[in-house]
Amino acid sequence: MTTTEAPDTLRRILDYSSRSDPYPLYAELRRTPVARQEDGSYVISTYRELAEILHNPHLSSDVRNLAHPTPSSEGSAPPSFINMDPPEHDRLRRMAMRHFGPPHTPGLVTGLEPALADTVGGLIDDFADKERIDIVDDLAYPFPVAVICHLLGVPREDEPRFRVWVNDLINSIDYDPRTDPPEKLDAGVRARQELREYLGALVERRHGRPSDDLLSRLANDDGPDGRMTDEEIISTANLLLIAGHETTVNLITNGMLTLLRHPEVLRRLRDEPDLVVPLVEELLRYEPPVHIIPWRAAYSEVTVGDMVIPKGSRILLMLASGSRDPNRFHEPDRFDPDRRDNQHLGFGSGIHLCFGGPLARREAQIALGELARRLDEPRLVADPPPYRRSPVLRGPIHLQVERNGA
């Protein structure tokens with residue numbers, strides 16, 4: 001078993017200089033579908049092998065199954081179910097899904113649509129007179145925070161505090177000790193603790209007082225799997241907040257950037273509002289919000305393709321590379337909202353398929369549809385725009401747009 005050119009390719013993908021366009025490097029990576037790295041980890045980059053491993057029961061999301069475990073980003077707090085394996089993962093996910101979507105709560109997302117439309121409309125109204133706007137700061141960032149606060153039952157007067165915590169948490173995800181002040185990391189740690197305490201107080205007040213918000217439903221549900229503990233409810237709410245927020249911000253921002261680079265599709269969307277549904281699916285393939293699952297563990301020895309991966313090995317899953325694999329998608333580097341058979345990996349696959357995916361989809365559909373309808377002659381100020389540091393949750397940190405032909 002030998003290393004290939006893939007270790008150097010991976011380093012270049014992770015380097016910030018490649019953030020605006022990693023796709024040519026993904027093409028290099030796919031020459032070796034399963035590549036062993038110098039540190040003993042394995043990188044999987046092709047669609048067939050990714051789909052195979054994502055459905056393999058020997059793939060673990062529990063950090064304790066790594067031969068050399070890394071500290072959890074959640075500190076001493078209980079992990080969310082995204083970092084668990086069956087049967088605990090399945091139990092907690094079932095309990096969350098009873099109140100988040102079909103089959104037990106089939107009308108959740110459609111029931112939220114009036115609130116989603118009102119929120120997007122209000123945000124666009126706020127910048128209606130500006131000639132230059134920032135899609136991130138003015139819409140993509142505040143929109144999902146407002147939605148999640150509404151979903152969880154956070155009082156409207158507490159939303160400003162919630163936004164500060166989210167901002168500090170998200171900034172700390174991109175923390176780089178070589179360039180960032182330690183205060184940035186400290187603010188994230190403090191925000192995580194304060195948010196958990198705040199959510200804990202909300203959950204405590206919900207006991208015995210059922211209502212329609214998600215925290216209340218979880219706190220008062222005695223379903224077939226029993227009831228979540230307060231700590232499990234808090235971890236689930238944190239997962240929804242962090243994963244749901246960043247996914248939606250990047251999906252909307254990457255989507256608007258792609259539309260501005262393809263003005264013929266933007267004009268078509270303005271005239272054909274229903275196009276937004278397949279268009280968002282193509283965005284999830286072409287410019288996905290999540291590019292890499294940065295680690296999984298081999299629960300036991302596992303074979304992927306013709307490579308045997310030893311027990312305890314760290315495995316990196318290059319989802320965005322798989323969704324541009326020419327062996328699976330015709331002309332994968334072409335943005336095509338009419339694409340058929342679009343089984344992308346934008347929300348992962350298998351037992352960890354993003355449970356907030358239906359909500360993120362609808363948020364993006366409403367936001368992009370309204371932006372297409374209401375922005376007059378939008379034009380990019382900078383292309384490429386500045387990107388967030390993270391190669392995992394990839395998206396512009398700002399997207400400046402001039403309008404009205406300015």
Side-chain angles (χ1 to χ4, degrees), residues 15-26 120-121 123-144 170 174 245-273 275-276 278-291 320 323-324 331-339 346 360 363-391 393-406:
D15 189 88
Y16 182 69
S17 63
S18 302
R19 200 69 69 246
S20 64
D21 187 14
Y23 296 104
L25 293 172
Y26 291 154
V120 167
L123 290 168
I124 295 178
D125 288 343
D126 288 343
F127 58 69
D129 297 327
K130 294 181 181 179
E131 290 187 349
R132 178 178 289 195
I133 59 175
D134 184 343
I135 296 296
V136 177
D137 288 349
D138 294 334
L139 190 143
Y141 198 87
F143 177 35
I170 299 306
D174 289 346
H245 181 268
E246 276 301 275
T247 299
T248 307
V249 171
N250 288 345
L251 182 54
I252 293 171
T253 309
N254 289 337
M256 196 61 203
L257 174 61
T258 301
L259 287 172
L260 291 167
R261 287 172 170 170
H262 296 81
E264 73 287 354
V265 179
L266 180 58
R267 287 191 295 269
R268 186 179 163 199
L269 177 58
R270 196 175 292 133
D271 297 333
E272 303 174 39
L275 180 67
V276 77
L279 183 143
V280 167
E281 292 309 301
E282 176 67 346
L283 286 170
L284 284 162
R285 184 199 69 82
Y286 180 80
E287 280 281 24
V290 180
H291 271 228
S323 288
R324 293 271 192 124
E331 296 184 27
D333 294 323
R334 181 168 65 92
F335 178 62
D336 179 10
D338 297 311
R339 187 178 297 276
E363 288 175 286
Q365 290 165 6
I366 290 173
L368 293 173
E370 283 300 289
L371 285 168
R373 185 175 70 87
R374 295 184 59 180
L375 286 189
D376 302 323
E377 301 178 53
R379 184 181 68 83
L380 278 172
V381 173
D383 192 8
Y387 275 79
R388 300 178 185 276
R389 297 207 64 84
S390 175
L393 299 166
R394 176 184 168 272
I397 193 168
H398 295 290
L399 187 65
Q400 298 282 345
V401 174
E402 288 181 344
R403 53 189 304 210
N404 299 318

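To the nearest 0.5 Å, the span separating CG on Leu269 from NE2 on His262 amounts to 13.5 Å. For the atom pair CZ (Arg334) and CZ (Arg339), the distance works out to 6.0 Å, reported to the nearest 0.5 Å. From Leu123, atom CG reaches atom CG of Asp137 across 11.5 Å, with rounding to the nearest 0.5 Å. To the nearest 0.5 Å, atom CZ of residue Arg403 and atom CZ of residue Arg132 are 13.5 Å apart. To the nearest 0.5 Å, atoms CD (Glu363) and OG1 (Thr248) are separated by 4.0 Å. The CG atom of Asp333 lies 9.0 Å from the OH atom of Tyr23; values are rounded to the nearest 0.5 Å.
The two atoms that bring Pro385 and Arg261 nearest to each other are CD-NH2, 4.2 Å, heavy atoms only. Nearest heavy-atom pair, Pro142 versus Val136, reported as atom, atom and distance to 0.1 Å: CD-O, 3.6 Å. Here the closest non-hydrogen pair linking Leu257 and Pro396 is CD2-CG, 4.3 Å. Here the shortest heavy-atom pairing between Tyr16 and Pro386 reads OH-C, 4.4 Å. The two residues Pro144 and Val249 have their closest heavy-atom pair at CG-CG2, 3.8 Å.
For the pair Pro332 and Arg285, the minimum side-chain heavy-atom distance is below 4.5 Å. Side-chain contact between Leu399 and Leu380 is present, with heavy atoms from C-beta onward closer than 4.5 Å. A heavy-atom distance below 4.5 Å is not found between the side chains of Pro289 and Leu393. A 4.5 Å side-chain heavy-atom check between Ile397 and Thr253 finds every atom pair outside the cut-off. Looking at Glu287 and Arg394, their side chains come closer than 4.5 Å, going by heavy atoms from C-beta outward. Inter-residue side-chain proximity for Asp383 and Leu260 is flagged as unmet; no heavy-atom pair is nearer than 4.5 Å. Counting heavy atoms from C-beta on, the side chains of Leu266 and Arg270 come closer than 4.5 Å. The shortest distance between side-chain heavy atoms of Asp138 and Lys130 falls below 4.5 Å.
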*Start with the C-alpha gap between Val381 and Val401, add the side-chain angles, then the distance that decides, and say whether side chain to side chain contact (heavy atoms under 4.5 Å, CB included) holds.*
CA-CA 5 Å; Val381 173; Val401 174; 5.7 Å; no
*Could you go through the side chain to side chain contact (heavy atoms under 4.5 Å, CB included) check for Asn250 and Arg388 one step at a time?*
CA-CA 10 Å; Asn250 288 345; Arg388 300 178 185 276; 3.8 Å; yes
*asked:* I'd like to know whether Asp125 forms a salt bridge (Lys or Arg N to Asp or Glu O under 4.0 Å) with Arg374, so could you lay out the CA-CA distance, the side-chain angles of the two residues, the decisive distance to 0.1 Å, and finally the verdict.
replied: CA-CA 10 Å; Asp125 288 343; Arg374 295 184 59 180; 2.5 Å; yes
*asked:* One pair to check against salt bridge (Lys or Arg N to Asp or Glu O under 4.0 Å): Arg373 and Glu370. What are the steps and the verdict?
replied: CA-CA 5 Å; Arg373 185 175 70 87; Glu370 283 300 289; 2.8 Å; yes
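Figure legend: Arg324 and Tyr26 shown without cation-pi pairing, the cationic atom not lying both under 6.0 angstrom from the six-membered ring centre and within 45 degrees of its axis.
Between the side chain of Glu402 and the backbone N or O of Arg379, no donor-acceptor pair lies under 3.5 Å.
The aromatic ring centroids of His398 and Tyr141 lie 6.0 Å or more from each other.
The side chain to side chain contact (heavy atoms under 4.5 Å, CB included) with Pro337 is formed by just one residue from the set Val276, Leu275, Thr258, Leu259; it is Leu275.
Between Phe335 and Tyr286, the ring planes are tilted. Angles from 30° to 60° get that label.
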